[in-house]
There are 2 protein chains.
Amino acid sequence: MKIGEFASQLGVSTDTLRYYEKHALLTPSVRTQAGYRDYSQTDLKQMMFILRAKNVGFSLAEIKELLQIKFKKHQHSCHEVKNLTIQKRDLVAGRIAELTRFHQSLSVLADKCCGGQEPADNCSILTTLEDIDGLNQ
Amino acid sequence: MKIGEFASQLGVSTDTLRYYEKHALLTPSVRTQAGYRDYSQTDLKQMMFILRAKNVGFSLAEIKELLQIKFKKHQHSCHEVKNLTIQKRDLVAGRIAELTRFHQSLSVLADKCCGGQEPADNCSILTTLEDIDGLNQ
DNA sequence: CTTGACCTTAGTGTGTACTCTAAGGTTTAT
DNA sequence: ATAAACCTTAGAGTACACACTAAGGTCAAG
Ligand SMILES: [Zn+2]
Ligand SMILES: [Zn+2]
Ligand SMILES: [Zn+2]
Ligand SMILES: [Zn+2]
């Protein structure tokens, strides 16, 4: 399968596929005489692995690690795989916590402001940001 | 106050201050004869506004908008300020939702894996990512 | 046999918020 | 007078995941 068809089957761009190849995430097994990439069923499976891993939040660098494990499963342990997953989960949890604080602060700010058409001279959002913290610890 | 002292009072780097100046977030009022930046009390207040706005999650571009409103309050409405705040809050909420899905999927994956020292040949994390989705809708 | 759709490469641009570097001028203390 | 510690600028580098460009080769249809 040439890159165009492969890309549209997977819903990604050809640029993305070339990018993945450059970064050693997916290298099509064969090239045609003309030098065109020729993707196989195996490549399709691997690309779906990549897309699923992306869907659960893994970065491309992390996916690369997972692929290396997948290629040589017997050289790696469950422990290793679970560690990657848990590390990622905890990182995500940290980011959620930060964003939740943002969300809380923004809600407090928004609730203080009347949102009317009058000039912002006394807008509580602005005065709160100007004055000493009514938001943080 | 010269940039070094100003920076350390605020807990930011001098690079950051020069970056903010370049991006029109904070331009110190005066320069000394030697061309050194000379920060005033007003600059200090403005920098604290910027840092507080950062602390609630606004990006530098958004803070720039807020500052422009703050400079000419009578030319802007509460409505405008509240809109910025609510838009940001909703964007943050969207990102939280996405990360929460990631977190959920990663938890499911992690729970499936024994995490032991044995080879990853039958690791459920890998097989789940290989096989047809047991994660997504 | 030519048009148009496809493919190739290498390289640049995007957005965010800095951080670092090079090459040089200024101030303060000894 | 000289060294240390500060300051200046412009510009490049970082991470992430691509998107886009130019300049050119290939393939199927009419
Ligand atoms: Zn109001
Ligand atoms: Zn208001
Ligand atoms: Zn196991
Ligand atoms: Zn496992």
Side-chain angles (χ1 to χ4, degrees), chain A residues 1-40 43 47 49-67 87-88 91-92 94-95 98-99 102, chain B residues 1-40 43 47 49-67 87-88 91-92 94-95 98-99 102:
Chain A
M1 208 183 323
K2 278 188 289 183
I3 197 173
E5 193 187 347
F6 191 68
S8 71
Q9 274 203 21
L10 285 158
V12 303
S13 74
T14 56
D15 276 328
T16 297
L17 290 170
R18 293 197 195 94
Y19 178 83
Y20 285 5
E21 182 170 346
K22 197 174 182 178
H23 292 76
L25 288 160
L26 177 66
T27 306
S29 359
V30 197
R31 291 280 179 136
T32 69
Q33 284 172 326
Y36 290 11
R37 289 167 180 83
D38 188 9
Y39 290 91
S40 69
D43 297 329
M47 189 62 190
F49 180 96
I50 293 171
L51 293 179
R52 285 191 202 103
K54 261 178 68 81
N55 260 323
V56 303
F58 284 114
S59 70
L60 296 188
E62 289 155 349
I63 294 172
K64 201 167 160 182
E65 279 192 79
L66 288 173
L67 284 171
Q87 271 180 33
K88 185 68 188 183
L91 194 146
V92 167
R95 185 76 181 123
E98 184 185 16
L99 289 177
F102 286 171
Chain B
M1 208 184 320
K2 279 189 289 185
I3 197 172
E5 192 187 347
F6 191 68
S8 72
Q9 274 203 22
L10 285 158
V12 302
S13 74
T14 56
D15 276 328
T16 298
L17 289 170
R18 294 197 194 93
Y19 178 83
Y20 284 5
E21 181 170 347
K22 197 173 181 180
H23 291 76
L25 287 161
L26 176 65
T27 306
S29 357
V30 196
R31 289 282 179 133
T32 68
Q33 284 172 326
Y36 289 10
R37 289 169 180 81
D38 188 9
Y39 289 90
S40 69
D43 296 329
M47 191 62 189
F49 180 96
I50 292 171
L51 293 179
R52 285 191 202 104
K54 259 178 67 81
N55 260 322
V56 302
F58 284 113
S59 70
L60 296 187
E62 289 154 348
I63 294 173
K64 201 166 160 184
E65 278 193 79
L66 287 173
L67 284 171
Q87 271 180 34
K88 186 67 187 183
L91 193 145
V92 168
R95 185 77 181 120
E98 185 185 14
L99 289 176
F102 286 170

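Below, chains carry the letters A, B, ... as their sequence lines are ordered, and counting in each starts from 1.
In terms of position along DNA chain D, the nucleotide closest to B:R37 lies nearer the 5' end than the nucleotide closest to the other residue of the pair A:Y36 and B:R37. Mapping B:Q33 and B:A61 onto DNA chain C via the closest heavy atom, the residue that lands nearer the 5' end is B:A61. Between B:G4 and B:K22, the residue anchored nearer the 5' end of DNA chain D, judged by the nucleotide with its closest heavy atom, is B:G4.
Side-chain proximity of A:A34 to C:dC7, D:dT26, D:dG11: nearest is D:dT26. For B:S13, taking side-chain heavy atoms from C-beta onward, the closest of the listed nucleotides C:dT9, C:dT19, D:dC20 is C:dT19. Among the nucleotides C:dT8, D:dC27, D:dT8, the one closest to any side-chain atom of A:I3 is C:dT8. If you check D:dC20, C:dA17, D:dA17 against the side chain of A:D15, the one that comes closest is D:dC20. In this structure, of D:dC18, D:dC7, C:dT19, it is C:dT19 that holds the atom nearest to the side chain of B:Y19. The side chain of B:T16 lies closest to C:dC18, out of C:dC18, D:dT8, C:dC20.
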> Hey, mind stepping through A:Y39 and A:L10 against side chain to side chain contact (heavy atoms under 4.5 Å, CB included) and telling me if it holds?
Replying inline: CA-CA 12 Å; A:Y39 290 91; A:L10 285 158; over 6 Å; no
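Phosphate proximity of C:dC18 to B:Y20: present, with a side-chain N or O under 4.0 Å from OP1 or OP2. For the pair B:K54 and C:dC18, the criterion of a side-chain N or O lying under 4.0 Å from OP1 or OP2 is met.
We find that CG of A:L26 is positioned 16 Å from P of D:dA17, with the value rounded to whole Å.
Residue contacts for A:T32: at a heavy-atom cut-off of 4.0 Å it reaches no nucleic acid atom on any strand shown. Across all strands, A:R18 comes closer than 4.0 Å to base atoms (heavy-atom distances).
Residues A:R95 and A:E98 are paired through a salt bridge, judged by an N-O separation under 4.0 Å between the basic side chain and the carboxylate.
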